[in-house]
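Keep in mind the model is a prediction, meaning the values are calculated, not measured. Below, all heavy atoms of this structure are taken into account, side chains as well, without hydrogens, waters or symmetry copies. Every chain is numbered from 1, with letters handed out A, B, ... down the list of sequences.
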There are 2 protein chains.
Amino acid sequence: MRLPLKTEYACQVLAQLASTYSEEGVRQVEDLAVAENLSPNYSVQILTVLRQAGLVISRRGKNGGYLLAKHPDQITLADIALAMEGGSIIESSLGNEGMSAGNVHAAWVRVNEALLENCREIKLSELVAGSEDDSDWMI
Amino acid sequence: MRLPLKTEYACQVLAQLASTYSEEGVRQVEDLAVAENLSPNYSVQILTVLRQAGLVISRRGKNGGYLLAKHPDQITLADIALAMEGGSIIESSLGNEGMSAGNVHAAWVRVNEALLENCREIKLSELVAGSEDDSDWMI
DNA sequence: TTAAAGTTACGTCACTTACTAATGTATCGA
DNA sequence: TCGATACATTAGTAAGTGACGTAACTTTAA
């Protein structure tokens with residue numbers, strides 16, 4: 001199954017915000033969109049979701065923009081994925097009434113939980129271009 | 001992101017085949033579809049994919065049908081998911097040219113690999129309705 | 001040879017995705 | 001306070017995908 005572009009874009013936008021986290025300033029949508037090669041209009045919609053999830057803070061009006069709500073070390077892939085996808089990263093429908101439907105669904109729920117654990121171990125700070133923390137992943 | 005129904009159905013059909021694995025006989029599509037509450041026609045398409053992946057064996061002609069190609073302990077969720085989804089379970093597009101696109105893509109590739117490891121630990125035999133191996137999952 | 005079974009190809013309809021566009025709303029500075 | 005600026009929200013849409021159904025073909029046991 002394909003990871004939604006929206007989720008990937010969310011990671012990129014957040015990584016872009018993280019890259020200037022120390023500077024304490026606000027980044028404008030136009031700025032973020034250009035840096036990550038995204039449509040500004042679409043970026044706004046993604047940022048709105050991220051704001052509602054409490055991952056970014058926005059300031060409206062003149063000199064407005066966005067900034068991370070937490071330190072890049074305290075935001076994980078799990079946070080981002082859950083913000084964009086809702087309750088679970090992989091959601092299996094417990095649809096039909098087949099004999100094995102219950103067991104199959106339960107198995108995928110377990111898989112989703114294990115996946116969440118894995119995603120909790122990847123920090124936003126690792127996604128920032130240029131920060132070579134990439135060498136020591138997965139312990 | 002939603003787990004495709006096709007993949008869930010594949011798990012159900014295989015679980016159904018596994019439930020009569022010891023009996024050595026062939027199961028017909030109609031039989032499998034009724035047991036798992038699926039459309040027979042759609043089940044055929046799923047079984048075709050599973051056959052091409054080497055997970056089931058088919059016999060054509062009168063008294064034909066399907067049977068598992070391996071013991072239910074030797075088929076894992078990873079096998080099933082890869083058969084239905086192709087190369088990876090979660091595939092992230094390394095689409096645009098944004099600054100963080102490369103890092104983000106790499107992170108999701110890692111997530112997919114970890115996910116595969118998790119799926120390798122869930123055996124088809126655990127999905128069979130009635131076999132209560134469900135109590136001791138994940139060690 | 002015929003009926004029962006799997007095989008393949010094609011069609012299709014509803015839904016989702018990935019956007020664009022338009023309009024609304026808040027804030028700063030002159 | 002006025003207007004420029006920037007975020008917020010909603011609506012619209014074109015292309016793609018998913019989940020089927022249909023139909024014609026092929027193989028095999030009896």
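With hydrogens and angles ignored, the 3.5 Å screen pairs no side-chain donor or acceptor of A:Arg27 with any backbone N or O of A:Thr20.
Listed nucleotides: D:dA8, C:dA9, C:dG6. Nearest to the side chain of A:Arg51: D:dA8. Counting only heavy atoms from C-beta on, B:Tyr66 has its side chain closest to C:dG6 among C:dG6, D:dA11, D:dA8. Side-chain proximity of B:Asn41 to the nucleotides D:dA23, D:dA8, D:dA11 is greatest for D:dA23. Side chain of B:Tyr9, nearest nucleotide from D:dC20, D:dC7, C:dT8: D:dC20.
When the options A:Val56, A:Leu127, A:Leu17, A:Ile80 are evaluated for a side-chain contact (heavy atoms from CB on, under 4.5 Å) with A:Ile75, the one that passes is A:Ile80. Considering B:Leu77, B:Asp73, B:Leu14 as possible partners of B:Leu124, the one that fulfils the side-chain contact (heavy atoms from CB on, under 4.5 Å) test is B:Leu14.
Between the CZ atom of B:Arg60 and the C1' atom of C:dA3 there is a distance of 15 Å, given to the nearest Å. Between the NZ atom of B:Lys62 and the P atom of C:dA5 there is a distance of 8 Å, given to the nearest Å. Rounding to whole angstrom units, CZ of residue B:Arg27 and P of C:dG6 are separated by 12 Å. Per the geometry, CG belonging to A:Asn37 stands 11 Å off P belonging to C:dC19, to the nearest Å. As rounded to whole Å, 8 Å separates atom P of D:dA19 from atom NZ of B:Lys6. One atom, CG of B:Leu32, and another, C1' of C:dG6, lie 12 Å apart when rounded to the nearest Å. Distance, A:Leu38 CG to C:dA18 C1': 12 Å, rounded to whole Å. Taking atom CE of A:Met1 as the reference point, atom P of C:dT17 lies 13 Å away to the nearest angstrom.
Side-chain nitrogen and oxygen atoms of A:Thr48 include none within less than 4.0 Å of the OP1 or OP2 phosphate oxygen of D:dC7. Look at A:Arg2 and you'll find a side-chain N or O under 4.0 angstrom from OP1 or OP2 of C:dA18. Put simply, B:Ser39 has a side-chain N or O that comes within less than 4.0 Å of OP1 or OP2 on D:dG21.
Using a 4.0 Å heavy-atom cutoff across all strands shown, B:Gln28 reaches sugar-phosphate atoms only and no base atom. The residue B:Gly64 sits close only to the backbone: its heavy atoms come under 4.0 Å of sugar-phosphate atoms, none of a base.
Of the charged side-chain nitrogens involved, none lies within less than 4.0 Å of a carboxylate oxygen, so that B:Arg110 and B:Glu113 do not count as a salt-bridged pair.
In terms of position along DNA chain D, the nucleotide closest to A:Val44 lies nearer the 5' end than the nucleotide closest to the other residue of the pair A:Val44 and B:Asn63. Each of B:Ser58 and A:Arg59 lies near DNA chain C, and the nucleotide nearest B:Ser58 is the one positioned closer to the 5' end.
Across every non-hydrogen atom of A:Ser92 and B:Leu3, the tightest pair is CB-CD2, 3.8 Å.
Looking at A:Gln45, its side chain comes within 3.5 Å of the base of C:dT20 through a donor and an acceptor atom.
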